[in-house]
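Below you'll find the structure, written out as structure tokens, and then a few comments.
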4 protein chains.
Amino acid sequence: MVSDTKNKKLIYKEKRRKEIAENALDLILSKGLSNFTMDEVAKETGVSKGTLYLYFDSKDSLIITAFGILVERLKNYIGKLIPKETSKEEKAKAIIKLYSKIIKEFPSDDLLRLFEILINSIHNKKRIKELVELFHEYYSQLFELWSEFVPNKTIAIILQAMIDGIGIYKSVGVDFEEGELCPSLEFIIGKIIS
Amino acid sequence: MVSDTKNKKLIYKEKRRKEIAENALDLILSKGLSNFTMDEVAKETGVSKGTLYLYFDSKDSLIITAFGILVERLKNYIGKLIPKETSKEEKAKAIIKLYSKIIKEFPSDDLLRLFEILINSIHNKKRIKELVELFHEYYSQLFELWSEFVPNKTIAIILQAMIDGIGIYKSVGVDFEEGELCPSLEFIIGKIIS
Amino acid sequence: MVSDTKNKKLIYKEKRRKEIAENALDLILSKGLSNFTMDEVAKETGVSKGTLYLYFDSKDSLIITAFGILVERLKNYIGKLIPKETSKEEKAKAIIKLYSKIIKEFPSDDLLRLFEILINSIHNKKRIKELVELFHEYYSQLFELWSEFVPNKTIAIILQAMIDGIGIYKSVGVDFEEGELCPSLEFIIGKIIS
Amino acid sequence: MVSDTKNKKLIYKEKRRKEIAENALDLILSKGLSNFTMDEVAKETGVSKGTLYLYFDSKDSLIITAFGILVERLKNYIGKLIPKETSKEEKAKAIIKLYSKIIKEFPSDDLLRLFEILINSIHNKKRIKELVELFHEYYSQLFELWSEFVPNKTIAIILQAMIDGIGIYKSVGVDFEEGELCPSLEFIIGKIIS
DNA sequence: AATGAATGAGCGTTCATTCAT
DNA sequence: GATGAATGAACGCTCATTCAT
């Protein structure tokens, strides 16, 4: 019984933690990593600022948890889009379609903020270590996607880097010929997985 | 004579401006955009904080100037490596070699910080506008490199995005098989410009 | 009960706000509007500077609140002195006496500072708007005093302007024949309300 | 000869001093006493900031000199308007007209700034002493104007205080019935000098 | 467990004044 | 005599973190 109560409490606490982190993430996504404050997180969650420190040691650890949620979101987003086709040819087509879709929807603040958080944390040893671990969860899923079509994992990673590079380029104002982007992407991917 | 003295002063002033901006850039590169302060720039340059404002209107304009220097650095770095070969075939080989070199030297904090500054400035309308203009100077040079080998400019941009994407990936801790990276890159570029 | 606690807190908070504003007012009165700093207000109140900003959005809003207290003080001061006589003749005499008293007590820094704050805020659109609203509370009370004896409101205002003008003159060092001031005032008022 | 050169220099220096002070005054009139800077004075005069300190010991002494010029200006303005009529009756009418004119032209920033400078200097012992001396030059001229029509000097001062009070009231936003102001003023003055 | 008042170190910026040239 | 670069103390304001209740 006692352990039941304890369990309930733990579950409640975990729920609360997540709620806070989600609000933090929303703020990070909308205002940028270095423009969001603990005050706002507290206000958004409807608790006092002190309460945040019952669930998180520091702003840093809140950022890390928020980052984890972002990674989870992106994983789910991609997961749903991953082609289930069995024939290799159809799968190839589906992948091209998938990435065209992703790219079309850029600038996705989500992806950009993911890199913002990562890049901004490079001088924070402790933080970057934890973030990179979470980030791995996200990209390893993507690399697998390519694995069937390319000679080795490194090429898979490079292709994924290309996609993210395009996203960042779009976000920071590189001017793509809007109509040319998807066909060009298809052209490139086609060449490689052929 | 008078104009000589004036000229000397202007040159001196310009030199001072650059000195400050370079110190600012160093600090940005070493501590990150959101961790560097005017106090530190002053200390590093050996002047008082007030002096900085004789040369720059605001922290923002100092950041923009520092960014300009960074862009210039990257341009020079690339400029020196750009192949002068005339035969198309040799040029192709040279490009592959060039990018292998660039990638090998990553994680170059320079490139990463360039994107950090850009990404972090997205919520600052005035600043991002000026940064993007400077950024254009950098990447347009690169796009030209590819133009001979690809059907359109967009593909050139995508290839460059891929290179930058790899740089960012390396910087944030994606683990490339060190030995595989360059050959893989060559494989991809080869496929595309073939 | 809950609402009781809440109430207590609100009252406490309001008390604190007032305490801060009163200290600010004291400083304004003693050092002048453009010489008082948030640091001093904090020190005087015995709190940290940051705390001030829990109670006031800005220095401006603190000034406005302090000004409100000053207006209130002046209103109370005048309120107590306002004649309750019913016969018009007696009331006239009482008014003359009232103003003689006010003038005798000059230079009242209070009144002078009231105008200092107003005059110094003329280039601050937002602030002056709020100050003038508060100022109205003060002088409309005074104008009524005269209304019974003069043909129109404008004359009432002018008479009040005269009183304030004398106050300012005394404060800035115009040398009145001390013994002549009150009789002269009585002479003038007598002429007008006759 | 030597003394001639010296003289010339002195004259030149005095001219320069005045030029600087006039620019300072213009800035004070347009931006307010606590909003003008030595930088702006230098820029406006076309000299370096350091040069200002060859002509003035401090910002304070520049303010005092500028104040003197303002007083001079007001004296000239009034001087020109002072009635030269010989018959007492005509002179009375002329005075009423004169003050109607002055009041109509309010809010004259000039007069308001005169009081702003005075009021703001009350906590600056050295400065206020010098200002008051200059101020006397201005108002003593005005008091004489009334002297013929009133029983004593104090009443003359009070009437002048009334005029200045109206000016200040207008400047800080007291709402006069525009059409009523001059007739009311005439009514009051008429009553007193009758 | 939760609060929210309080802190205090730190930030970007301003400006009267000085002084080597 | 004139310069203008440099100073440095001060200012208003912010915010992650703490702690008594």
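Here is how names work: the chains are called A, B, and so on, in the same order as the sequence lines, proteins then strands, and each is numbered from 1.
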Where each residue is assigned the nucleotide of DNA chain F containing its nearest heavy atom, which of B:Lys49 and C:Asp60 is assigned the position nearer the 5′ end?
B:Lys49
Rounded to the Å, how far apart are B:Leu54 CG and E:dT14 C1'?
11 Å
Is any side-chain heavy atom of D:Asp26 closer than 4.5 Å to a side-chain heavy atom of D:Ser30?
no
Per-residue pairing states of DNA chain E in dot-bracket (Watson-Crick or G-U under 3.5 Å; . unpaired, | other strand) read .||||||||||||||||||||
Do we get A:Lys18 above A:Tyr55's six-membered ring, with its NZ or CZ under 6.0 Å from the centre and within 45° of the axis?
no
Between A:Glu19 and A:Lys15, does any NZ, NE, NH1 or NH2 come within less than 4.0 Å of an OD or OE carboxylate oxygen?
no
Rounded to whole Å, how long is the line connecting atom CD1 of B:Ile63 with atom C1' of E:dC11?
13 Å
Do D:Leu134 and D:Ile64 pass the side chain to side chain contact (heavy atoms under 4.5 Å, CB included) test, and can you show the C-alpha distance, the side-chain angles, and the key distance before you say yes or no?
CA-CA 9 Å; D:Leu134 291 164; D:Ile64 290 165; 4.1 Å; yes
Those residues of residues 35-44 of chain A lying under 4.0 Å from DNA chain F by at least one heavy atom
A:Phe36, A:Thr37, A:Met38
Quick check: do D:Asn120 and C:Ile119 have side-chain heavy atoms less than 4.5 Å from each other?
no
State, with a plain yes or no, whether a side-chain heavy atom of D:Arg17 is found less than 4.5 Å away from one of D:Thr65.
yes
Could you check if a side-chain atom of D:Arg16 sits within less than 4.5 angstrom of a side-chain atom of D:Leu54, using non-hydrogen atoms only?
no
With a 4.0 Å cut-off on heavy atoms, is B:Phe56 in touch with a base, just the backbone sugar-phosphate, or nothing at all?
nothing
Contact span of DNA chain F against chain A, any nucleotide atom under 4.0 Å from a heavy atom, 5' to 3', runs F:dC15 to F:dT18
Any B:Glu130 side-chain heavy atom under 4.5 Å of B:Lys126 side chain:
yes
State, yes or no, whether a side-chain contact exists between D:Thr45 and D:Thr51 at a heavy-atom distance under 4.5 Å.
no
Would you mind reading off the distance between D:Lys31 atom NZ and E:dT14 atom P, rounded to a whole angstrom?
12 Å
Between B:Arg16 and C:Ser58, which is nearer to the 5' end of DNA chain F once each is assigned its nearest nucleotide?
B:Arg16
Take B:Asp57 and A:Val47, find for each the nucleotide of DNA chain E with the closest heavy atom, and name the residue whose nucleotide sits nearer the 5' end.
A:Val47
How many angstroms lie between CG in D:Leu25 and CG in D:Leu62, if you round to the nearest 0.5 Å?
9.5 Å
D:Leu114 versus D:Phe135: any side-chain heavy-atom pair under 4.5 Å?
yes
